Amino acid sequence: MIESFELAVIGAGPGGMEATITAAGFGVRTVLIDSYPQPGGQYFMRIPSDFKVDYENKTETAGRKLVNYVLKVPSLKILNCLVWGLFQEEDGSWLVALYGENAPKYVRAKNLILSTGSYDTPVAFPGWTLPGVVTSGGTLVLLKNQRVAPGKRALISGTGPLLFSVAAHLIEAGVEVVALCEVNHILPHGIKHAFTMLKQWDRLTEGAKYMKTILGVKTPYKIGWSVVEARGQDAVEQAIIAKMDKFGHPIPGTQKVFDVDLVVSGFTLTPNTGLPRMIDCEMSYQAGKGGWIPVRDADFQTSIPHVYVVGDGAGVGGAENARLEGKIAGTSVAKNTGFLSLSREKQIRQEIQSDLHQQHRFGDLLSDLFTPPAGLVSLLKDDTIICRCEEITLGEIKDAIQMGARSIGEVKMLTRTGMGNCQGRMCEHTVAAIIADQLAGEGVTREDVGYYSIRPPLHPLPQSFLADAVPEEE
Amino acid sequence: MQNFDVIIIGGGFLGLSTAYQLSKMGVKTLLLEAGDIGGGTSASCSGRAQTCEGHLDPLNIQIIRDGLARHETLEEELGARYDWRKIGLFLLIRSEELWQRWQERSAILTPAGIPTEVVDRVALQKAEPNMNTSHLLGAAYSVEGMLDPLKFSLAYANAAQRQGAVILGRSKVTGFEVKNHQITAVKTKNTVYRAEKVAVMAGAWTSKVTRMAGVSVPVHFTHAEALVTERIPPMIYNNVELADFYETIHGKAKAVAIGVHPQLNGTLDISEAVTTTDQLHKGVSAWGVTSISKELVRLYPSLEKVRIVRTWGRPTSFTPDEEPLIGWVPGIDNLFVGTSLVITITTVPLLSEWMALMIQGKQSPVSMDEYSPTRFAVPAL
């Protein structure tokens with residue numbers, strides 16, 4: 001017997017938690033599903049429950065409060081559980097397919113709120129597959145959640161304010177940071193955003209704290225520079241950086257070499273859109289929002305009725321933005337299921353509208369200043385591995401384009417990029433950039449190149465599990 | 001306005017190969033494909049060039065035997081590799097009646113040039129040591145071909161373009177102009193094309209396309225789903241299918257006919273869960289994905305820990321008598337169809353040449369009248 005709900009919320013980060021608190025708070029029968037053992041998501045990631053720590057920062061306090069709140073709200077929580085498929089049934093409801101040790105095989109829901117967040121945009125450069133090249137998100141999880149420093153001497157390269165957070169946390173953990181490279185030329189272009197920035201008081205104070213740590217050890221902050229290669233035998237031994245032009249091409253003769261055992265790559269975040277793609281939500285390409293995102297209405301409902309997407313998974317905007325979007329979507333579901341009057345819904349929406357607007361403005365600022373430049377593909381060499389699951393090189397992708405492939409789907413079919421365990425999460429950004437770059441002369445854009453289609457299972461699953469999960473006829 | 005001798009609708013194996021043959025013969029050809037080139041049902045297949053599973057009439061046997069031979073030199077002719085290779089095929093036999101039937105079939109196929117034999121369970125177990133044969137009597141064995149479906153499609157597409165054909169992907173046909181039982185123009189969203197003749201080779205989408213010209217052709221479809229595993233060390237050495245594939249799926253709302261096909265890169269393609277539907281789509285179902293896994297684990301218990309990485313779904317076309325549909329469509333004088341070949345990859349190199357001759361109003365070396373749409377009464381819309 002498959003249990004039925006009015007609402008399934010997938011992802012228990014700030015967006016999913018707030019959506020659950022809101023909808024379930026109004027009485028909507030809700031199930032919240034997350035892959036981690038505790039709610040919180042990446043931003044409010046809880047340290048393992050058996051860790052003893054003697055301090056808690058502001059973010060951790062806010063996270064703990066939200067997590068405690070969501071745990072108390074009457075709703076079913078299915079944690080430590082992956083969603084491997086969403087299947088629409090004849091009556092329009094959704095069969096949510098689950099993979100978890102103590103989880104049911106399926107739940108059924110009339111409404112979906114997908115709050116699956118974002119992941120580090122993997123930017124390929126020669127040597128990026130060497131052990132010791134770590135994304136900024138991965139570095140922060142190791143430092144904050146596991147209290148582990150992933151190296152002794154680090155070079156940080158990428159774009160955006162998250163680099164400061166990574167640098168400060170590394171320095172606090174005793175890691176020597178040899179340089180912090182920001183690939184974009186943010187000045188004088190950034191001046192116009194000063195007013196928006198002043199309204200982000202929490203973020204400014206957080207930034208100031210990080211700057212104090214970084215300036216305290218005199219870490220060089222190099223604007224308009226980027227890592228261009230990582231070298232080493234079995235792991236990173238050297239990082240090479242160069243000055244970049246505004247399109248992201250290295251300027252010849254500017255290279256510097258550092259001996260390091262850690263290269264942190266932080267080229268912003270990519271919306272995690274596996275589930276919306278799987279069910280064929282209409283998608284739109286927004287470079288500044290991190291890539292392909294689902295098209296949404298004012299309630300954050302997608303092109304498929306009763307399916308909502310909130311937070312970074314619909315365009316990178318941060319934790320507070322996700323929380324506000326979750327509240328609106330949760331309110332909309334409560335209204336549509338008859339648990340909330342139209343006027344009350346309107347009132348709630350009005351209350352948070354200006355906060356949400358401010359978050360969107362800040363998102364615009366980030367995308368204006370800190371989108372990875374398209375020219376970074378020029379760093380790649382023919383033997384650089386682009387798809388790490390299937391070990392496909394740039395040369396092989398160029399051959400496929402030579403054979404006539406014009407879209408990422410055709411390159412995938414010809415070379416097997418994106419056909420491995422990660423279903424293209426690691427290589428899509430780079431493969432699409434390569435195709436657009438190679439075919440720029442024909443006017444081919446990132447929109448034309450398209451995106452990888454996603455089919456269940458979202459994660460590789462053993463046959464034995466699937467064989468045991470045949471849905472019963474009802 | 002652009003003028004062509006022939007417009008082909010559909011960029012799968014049939015359309016691309018026929019575009020190549022036509023342009024090689026000097027015919028000014030345009031091909032319109034709604035999605036990616038080779039991205040329809042042609043791309044979503046295991047790449048099998050089947051040999052022993054077709055109907056036993058002389059025409060079918062001839063196109064399989066001669067088509068297979070063409071593949072030996074086709075990569076060279078097209079100037080591109082598509083990973084052509086030979087592989088053994090075991091068709092699993094589960095009943096005395098099937099054993100008898102395949103004895104009879106091999107007595108016809110072998111002398112006709114398609115060597116086929118029936119082997120017992122011991123021989124099957126020796127060839128496929130990881131298979132659970134406890135429920136089997138044995139298998140029919142033959143040799144068939146394998147290729148990479150998209151490389152095969154693109155090999156034809158590139159060769160056709162070199163011969164002067166215009167091949168356009170992402171160009172969905174939205175309608176026709178029809179005057180006096182003649183198609184005078186083919187319309188896409190932004191462009192109108194004129195041609196003397198139109199050939200619809202759109203597989204499961206064929207009847208949807210011809211209906212826009214006001215004629216109906218009896219092309220139906222089922223929906224098929226399949227799985228792809230992660231790469232594993234060699235554990236399966238031949239293609240494996242059921243000897244009673246058609247009986248297993250025929251007339252059922254949904255059924256699984258297990259098939260296993262080792263690929264060059266170490267993954268396994270595992271087919272196939274079939275459902276009756278009136279929807280043309282490329283999705284998969286919870287039932288399909290899990291039911292195929294269940295059948296696979298039953299047949300190969302040692303694969304139970306192997307992970308499924310991908311899946312695919314696609315419509316497969318067929319006609320009421322399960323014979324191909326090739327020829328001029330009654331009701332419109334310049335509309336040709338080619339679809340539902342049953343055994344496609346093997347026969348395409350040969351049939352594309354014959355279809356190209358027919359489209360020009362010439363005789364094909366062997367008559368294909370038995371595949372003509374005239375064998376079905378075509379109701380006017």
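By convention in this document, chain letters (A, B, ...) are assigned in the order of the sequence lines, proteins followed by strands, and residues within each chain are numbered from 1. From a predicted model like this one, the values you see are computed outputs, not experimental measurements.
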If you draw a 6.0 Å radius around [atom1] in [X], do more than 12 non-hydrogen atoms from other residues or ligands fall strictly inside?
X        : atom1 : answer
A:Glu447 : CD    : yes
A:His306 : NE2   : no
A:Lys77  : NZ    : yes
B:Lys208 : NZ    : no
A:Tyr36  : OH    : no

Task: Options B:Arg307, B:Glu295, B:Lys282, ranked by heavy-atom pairs under 4.5 Å with chain A, top entry - done: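 Of the candidates given, the most pairs with chain A belong to B:Arg307.
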Task: Contact winner vs chain A - B:Gly288, B:Gly169, B:Ser285, heavy-atom pairs under 4.5 Å - done: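 Of the candidates given, the most pairs with chain A belong to B:Ser285.
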Open item on the list: For the backbone of B:Gly313 and the side chain of A:Arg455, can you confirm whether one donor and one acceptor N or O come within less than 3.5 Å of each other?
Closed with: no
- [ ] Please check if the side chain of B:Asn158 supplies one atom and the backbone of A:Met403 the other of a donor-acceptor pair under 3.5 Å.
- [x]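 The answer is yes, because a donor-acceptor pair under 3.5 Å joins these two groups.
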- [ ] Select, from A:Gly409, A:Ala97, A:Pro456, A:Pro457, the one with the greatest count of heavy-atom pairs under 4.5 Å involving chain B.
- [x] A:Pro456
I want to check something: taking the side chain as every heavy atom from C-beta on, are [X] and [Y] in contact at a cut-off of under 4.5 Å?
X        : Y        : answer
A:Ser464 : B:Lys305 : yes
A:Met413 : B:Asp36  : no
A:Gln463 : B:Ile270 : yes
A:Glu390 : B:Arg231 : yes

In terms of heavy-atom proximity below 4.5 Å to chain B, should [X] be classed as side chain, backbone, both, or neither?
X        : value
A:Tyr106 : side chain
A:Leu95  : side chain
A:Glu410 : both
A:Cys389 : backbone

Is chain A contacted by the side chain of [X], its backbone, both, or neither, given a heavy-atom distance below 4.5 Å?
X        : value
B:Val284 : both
B:Thr267 : side chain
B:Ala286 : both
B:Arg298 : neither
B:Leu296 : side chain

Rounded to the nearest 0.5 Å, what separation is found between the [atom1] atom of [X] and the [atom2] atom of [Y]?
X        : Y        : atom1 : atom2 : value
A:Lys412 : B:Leu150 : NZ    : CG    : 12.0 Å
A:Leu466 : B:Ile292 : CG    : CD1   : 10.0 Å
B:Arg310 : A:Ser453 : CZ    : OG    : 9.0 Å

Task: Minimal non-hydrogen separation, A:Gly420 against B:Val309, with atom names - done: O-CG1, 3.2 Å
Task: Considering all heavy atoms, the nearest A:Ala469-B:Thr290 contact - done: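 In terms of heavy atoms, the two residues are closest at O-CG2, 3.4 Å.
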